[in-house]
Protein chains: 2
Amino acid sequence: MRIGELSRKTGVPVPTIKYYVREGLLPPGELTSRNQATYGEGHERRLQLIRALLDVGGMKVAEIADVLAALDDPGRPLHKVLGAAADRLGGADGERDDAESAAARAVVADLISRRGWEASAESPAAADLARALAAMDRLGHGAFVEVLDDYADAAEQVARADLGYVDRQVAVEGMVEGVVVGTVLGEAVLSSLRRLAHVDASARLYGAGGPGEGGTGPAGCEAPDAPRTRRE
Amino acid sequence: MRIGELSRKTGVPVPTIKYYVREGLLPPGELTSRNQATYGEGHERRLQLIRALLDVGGMKVAEIADVLAALDDPGRPLHKVLGAAADRLGGADGERDDAESAAARAVVADLISRRGWEASAESPAAADLARALAAMDRLGHGAFVEVLDDYADAAEQVARADLGYVDRQVAVEGMVEGVVVGTVLGEAVLSSLRRLAHVDASARLYGAGGPGEGGTGPAGCEAPDAPRTRRE
DNA sequence: GATAGCGGATAGCGCCACTATCCACTTTGG
DNA sequence: CCAAAGTGGATAGTGGCGCTATCCGCTATC
């Protein structure tokens, strides 16, 4: 298969494929002449994976390059691959050191020990959690910690489901990749489901025929009235 | 309070504050002279909210502008505000129409009806869910639907917790804002917790002292070996 | 009355994910 | 056999986004 066909099959434009190769996301095709190369279905799969991590997972190209490099590494230390995969989201580098941040970190440390989680309070996930809780605190929603355990229950449940799934997939060759996919795309799935559940909840609250426009229907489908005109 | 103090209190640079005002995220200060204005603690709060939605929630400035505009609208149709808040993530506009997408949409429609959710299969959340499932299918993880109900259980549980929290907050003036905060930042909280639970799970699997470097510790803390050198 | 800060406006920057163009060179269809 | 289409490789450019720098004339403050 040559690059044009690869492009047609995956819907990714040819220049974009070349770009991914340049950035190390996609291995180059096998040269048959000075300027002719063939691509296998491994390339096709890899392209699908890249697009999924980009479009659905919201990862950045550089992050994907790291994850894929770790994934291709024969001595694949799974938790390192996952680390590379999970270290997205982690927005700002500097951890603020105001009262809210300190309190949030304490809450997180307590949560981890209370749950008996084998995780460090210094892990990126814990730092992100603390940042989110600190932001809520600053906004006067410090009481959110009251439902933190419900959230943690849900997270444990999901993690258990993930484990079961991976277990069933065991012995399949692409397991490491499966874990990455599950971790990254699973997050998108869970977020969508949460939002769906919220739609349901608010539909029940405000009932069918509440604020006009029939039930909840495609809630949130409304576009802004004006076509984005700011700054002028 | 003048702009410098506002900047000092929130940690947001003065030019950035001006930028937010220009973009309509922050109301301008009250003019006391032709070129002197005062800002209240409403401005301070709003700035914290903006930074939280930006840094923790990962929203874009234009989206935040929409949400805040809806929030300030006296005739606040809550589900529209939330719609504006939730319509992020929705990456690509065009829905692909391959076999996997169709199958995924069917799965989502089935899930919604099976659970009795009062939500439309055309809602953005459902579309996002379908996109994620379709991507998994394309990657050979169509079997993920087997754990979809576990995920849905968790999502329902979280939504219930959110409802309870909002309920307790009822009668507080900033309830609408609270819902927005809960929706957007709650997602970050849930994601962090899921990742923490994954760290815990993989620590239990690969055990303490598994692949060297002591337990799991700050799993995922490793930076890429080289300081980002590609493309040269 | 000097200095620091201000509101307002415009222009520019750095990053990112592409996209366009060009070249010399195959491959392919007629 | 030859022209048109396609290819690998390289370099430069684009558009969007979240700021950031600079300048202006003015005002509060010491």
Side-chain angles (χ1 to χ4, degrees), chain A residues 1-40 43 47 50-66 68 88 91-94 227-232, chain B residues 1-39 43 47 50-66 68 88 91-93 227-232:
Chain A
M1 173 175 21
R2 297 188 318 187
I3 205 175
E5 192 177 349
L6 182 61
S7 167
R8 243 168 284 121
K9 275 192 185 173
T10 59
V12 180
V14 171
T16 303
I17 297 178
K18 290 181 173 181
Y19 164 69
Y20 291 156
V21 172
R22 273 200 311 276
E23 295 299 312
L25 304 201
L26 191 67
E30 194 176 338
L31 282 177
T32 64
S33 326
R34 182 193 302 274
N35 61 335
Q36 277 321 238
T38 62
Y39 300 81
H43 289 93
L47 257 184
I50 293 169
R51 292 320 286 238
L53 296 181
L54 261 181
D55 297 340
V56 181
M59 289 179 69
K60 295 201 256 179
V61 165
E63 294 165 342
I64 296 177
D66 288 344
L68 295 183
R88 53 184 224 79
D93 326 81
R228 294 257 109 258
T229 23
R230 229 183 308 281
R231 176 203 295 256
E232 62 191 13
Chain B
M1 166 171 36
R2 297 188 318 191
I3 205 175
E5 192 178 349
L6 182 60
S7 167
R8 243 168 285 119
K9 276 192 185 174
T10 59
V12 179
V14 171
T16 303
I17 297 177
K18 289 182 174 181
Y19 165 68
Y20 291 157
V21 172
R22 275 203 307 279
E23 294 299 313
L25 305 200
L26 191 66
E30 195 177 337
L31 283 177
T32 63
S33 326
R34 182 193 302 275
N35 61 337
Q36 277 322 233
T38 63
Y39 301 82
H43 290 94
L47 256 184
I50 292 169
R51 291 320 286 237
L53 296 181
L54 260 182
D55 297 341
V56 181
M59 290 180 68
K60 296 201 255 180
V61 165
E63 294 166 343
I64 296 177
D66 289 343
L68 295 184
R88 54 184 223 80
D93 326 80
R228 293 263 105 255
T229 24
R230 229 185 307 284
R231 175 201 295 257
E232 62 191 12

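Below, chain A is the first sequence line, B the second, and so on; all start at residue 1. Keep in mind that what you see is a predicted model, and the values were worked out from it rather than measured. These values consider heavy atoms only, across backbone and side chains, with no hydrogens, waters or symmetry-generated copies.
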Which whole-number value in Å describes the distance from [X] [atom1] to [N] [atom2]?
X	N	atom1	atom2	result
B/E30	C/dG8	CD	C1'	18 Å
A/L26	C/dC18	CG	C1'	15 Å
B/E5	C/dG5	CD	C1'	13 Å
B/L31	D/dT27	CG	P	12 Å
A/E63	C/dC15	CD	P	16 Å
A/R22	C/dC16	CZ	P	15 Å
B/R8	C/dC6	CZ	P	7 Å
B/L6	C/dG7	CG	C1'	14 Å

Next item on the list: Could you work out which one of D/dG8, D/dC19, D/dT7 sits closest to the side chain of A/A37?
Entry: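 Of the options given, the side chain of A/A37 lies nearest D/dG8.
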
Item checked: A/S33 side chain, from C-beta outward: closest of D/dA28, C/dT27, C/dG7 ->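 Out of D/dA28, C/dT27, C/dG7, the nucleotide with an atom closest to A/S33's side chain is C/dT27.
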
Margin query: Assuming nearest nucleotide by heavy-atom distance, tell me which of A/T32 and A/P15 is located more 5' along DNA chain C.
Written below: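 Looking at the nearest nucleotide for each, A/P15 comes out on the 5' side.
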
Checklist line | Residue whose closest nucleotide on DNA chain C lies nearer the 5' end, A/Y20 versus A/N35 | finding: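 Nearest nucleotide further toward 5': that of A/Y20.
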
Note to self: Distance criterion of 3.5 Å, no angle test: do you see the side chain of A/R2 paired donor-to-acceptor with the base of C/dT28?
What the structure shows: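 Checked by distance alone, the answer is no.
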
Checklist line | Side-chain donor/acceptor of B/K18 to base of C/dG8, under 3.5 Å | finding: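 Yes, a donor-acceptor pair under 3.5 Å.
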
Checklist line | Phosphate contact (D/dG18 OP1 or OP2) by B/T16 side-chain N/O below 4.0 Å | finding: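 No, because none of the side-chain N or O atoms of B/T16 sits under 4.0 Å from OP1 or OP2 of D/dG18.
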
Note to self: Please tell me if B/Y19 has a side-chain N or O lying less than 4.0 Å from either OP1 or OP2 of C/dA11.
What the structure shows: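 For C/dA11, neither OP1 nor OP2 has a side-chain N or O of B/Y19 closer than 4.0 Å.
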
Next item on the list: Could you let me know what C/dT3 is paired to, Watson-Crick or G-U wobble, both distances under 3.5 Å, or none if it's on its own?
Entry: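 Answer to the pairing question: D/dA28, which forms a Watson-Crick or G-U pair with C/dT3.
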
Margin query: Quick check on side chain to side chain contact (heavy atoms under 4.5 Å, CB included): which of A/V61, A/L26, A/V14 does A/Y19 satisfy it with?
Written below: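 Passing option: A/V61.
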
Check: Per the side chain to side chain contact (heavy atoms under 4.5 Å, CB included) rule, which among B/I17, B/V12, B/L47 passes with B/S7?
Finding: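 Single pass found, and it is B/I17.
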
Check: Rounded to the nearest 0.5 Å, what separation is found between the CD1 atom of B/I64 and the CZ atom of B/R51?
Finding: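 Answer rounded to 0.5 Å: 9.5 Å.
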
Notebook entry, point to check: From A/T38 OG1 over to A/H43 NE2, what is the distance, rounded to the nearest 0.5 angstrom?
Noted result: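 Taking OG1 in A/T38 and NE2 in A/H43, the distance rounds to 8.0 Å.
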
Item checked: B/Q36 side chain vs B/S33 backbone, donor-acceptor pair below 3.5 Å ->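 Flag not set: sc B/Q36 to bb B/S33 has no pair under 3.5 Å.
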
Next item on the list: Could you say whether A/I3 or B/R34 is positioned toward the 5' end of DNA chain D, judged by the nucleotide with the nearest heavy atom to each?
Entry: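 It is A/I3 whose nearest nucleotide is closer to the 5' end.
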
